[in-house]
There are 2 protein chains.
Amino acid sequence: MITNETIELQTAANILKILGDKTRLAMVKIVSENECCVCEFVDLFDMSQPAVSQHLRKLRDSGIVKERRKGQWIYYSLNTSYPYYSFVLQIIKELPSQHYRIEELEAQGKRVTCCDE
Amino acid sequence: MITNETIELQTAANILKILGDKTRLAMVKIVSENECCVCEFVDLFDMSQPAVSQHLRKLRDSGIVKERRKGQWIYYSLNTSYPYYSFVLQIIKELPSQHYRIEELEAQGKRVTCCDE
DNA sequence: TCATTGTATAAGTATATTCTTATATATGCA
DNA sequence: TGCATATATAAGAATATACTTATACAATGA
């Protein structure tokens with residue numbers, strides 16, 4: 001019977017499971033490059049607002065991303081204080097940059113900008 | 001401009017989803033350290049043979065692991081020819097070694113040994 | 001050949017996941 | 001205050017996942 005070290009495996013499996021969804025994986029990559037709010041994800045993924053919100057909740061509940069309210073908007077970003085931040089980073093650094101998506105949003109005038117940062 | 005080789009989002013998500021299960025993640029770590037056969041996994045995970053077999057099928061179908069028949073036994077090992085082998089390796093190298101599990105099997109005389117390797 | 005052992009597959013079930021629609025909550029502004 | 005916008009949550013439905021039990025297939029050895 002196995003007694004120890006299973007917690008770390010379990011932790012890793014939990015993280016991988018959360019990242020094992022194309023939408024969430026893209027979200028994490030995106031927020032690692034640009035702070036992003038919910039309505040932007042709705043545009044980016046052409047997905048309903050509740051669906052986006054529920055994916056973000058999973059990411060937030062796990063601790064992988066963090067949120068910051070700015071007026072009406074809630075901005076999501078990678079949680080650099082997450083205990084397994086480096087593990088997450090190691091995975092997402094292998095992924096192609098998604099910055100072009102943000103640039104496309106900007107080109108369409110759909111980027112939510114906070115001019116008073 | 002440095003062009004790192006990246007892995008497509010969908011591909012990465014598929015791999016992460018497969019690894020996002022504690023049993024399969026442990027299996028992959030284990031076969032990265034020791035070639036292992038089905039009945040050994042049954043002992044290691046205290047899990048039914050069909051359940052083990054179904055997890056291994058997912059890993060095999062994805063290409064992450066490969067099999068080698070040796071008489072009645074089918075040995076599984078990490079597929080080093082897998083196109084995303086390095087991606088997988090980068091993840092599992094973060095996991096604690098599971099070699100002690102194999103050693104425990106050996107101590108119990110449950111390790112299937114092929115003396116004629 | 002037949003029985004045994006190791007492994008794979010099939011079918012069914014319980015649970016988990018990911019959407020949907022409807023509604024609630026929070027903020028900003030006229 | 002009242003309304004619009006941004007976001008979250010609740011409830012339900014369709015689908016996916018991971019087991020179960022039963023059975024099939026493959027190799028070995030008497």
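Naming convention: chains lettered A, B, ... in sequence-line order (proteins, then strands); numbering from 1 in each chain. Note that this is a predicted model, so its numbers are computed, not measured.
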Item to complete: Using a 4.0 Å heavy-atom cut-off, write out nucleotides 17-27 of chain D from 5' to 3' as B (base contacted by protein), S (sugar-phosphate only) or - (no contact).
Response: SSBBBB---SB

Practice prompt. Can you tell me the distance, in whole Å, between the OH atom of A/Y76 and the P atom of D/dA6?
Written response: 15 Å

Worksheet entry | Main-chain N/O of B/L95 paired to B/K29 side chain as donor or acceptor, under 3.5 Å | yes

Response to the item:
chain A vs DNA chain C, heavy-atom contacts under 4.0 Å, first-to-last nucleotide span, 5' to 3', is C/dT17 to C/dG28

Ignoring hydrogens and angles, write down the donor-acceptor pairs under 3.5 Å from the side chains of residues 14-26 of chain A, residues two or more places apart or on other chains.
residue, atom, partner, partner atom, Å
A/N14, OD1, A/Q10, NE2, 3.1
A/N14, ND2, A/Q10, O, 3.4
A/D21, OD1, A/T23, N, 3.0
A/D21, OD1, A/R24, N, 3.0
A/R24, NE, A/I18, O, 2.7
A/R24, NH1, A/H55, ND1, 3.0

Practice prompt. Look at the side-chain N and O atoms of A/R57 and state whether any lies under 4.0 Å from the OP1 or OP2 oxygen of D/dA8.
Written response: no

Response to the item:
Residues at least two apart in sequence or cross-chain that pass side-chain contact (heavy atoms from CB on, under 4.5 Å) with B/C37, listed by chain then number, are B/C39, B/E40, B/W73, B/Y75, B/V112

Discussion item. Keeping B/R101 on the side-chain end and B/E103 on the backbone end, is there a donor-acceptor pair under 3.5 Å?
Written reply: no

Worksheet entry | Sequence-distant partners of B/F87, ring-ring contact (aromatic ring centres under 6.0 Å, His included), two or more places apart | none

Discussion item. Once you apply a heavy-atom cut-off of 4.0 Å, does B/F41 come out as touching a base, just sugar-phosphate, or nothing?
Written reply: nothing

Item to complete: Using the six-membered ring wherever Trp is involved, compare the ring planes of A/Y82 and A/Y84 and label them parallel, tilted or perpendicular (cut-offs 30° and 60°).
Response: perpendicular

Worksheet item: With no hydrogens and no angle check, is any side-chain donor or acceptor of A/E33 less than 3.5 Å from a backbone partner on A/Q98?
Response: yes

Discussion item. With salt bridge (charged side-chain N to carboxylate O under 4.0 Å, His left out) as the rule and sequence neighbours excluded, what pairs involving residues 50-65 of chain B come up?
Written reply: B/R60-B/E67

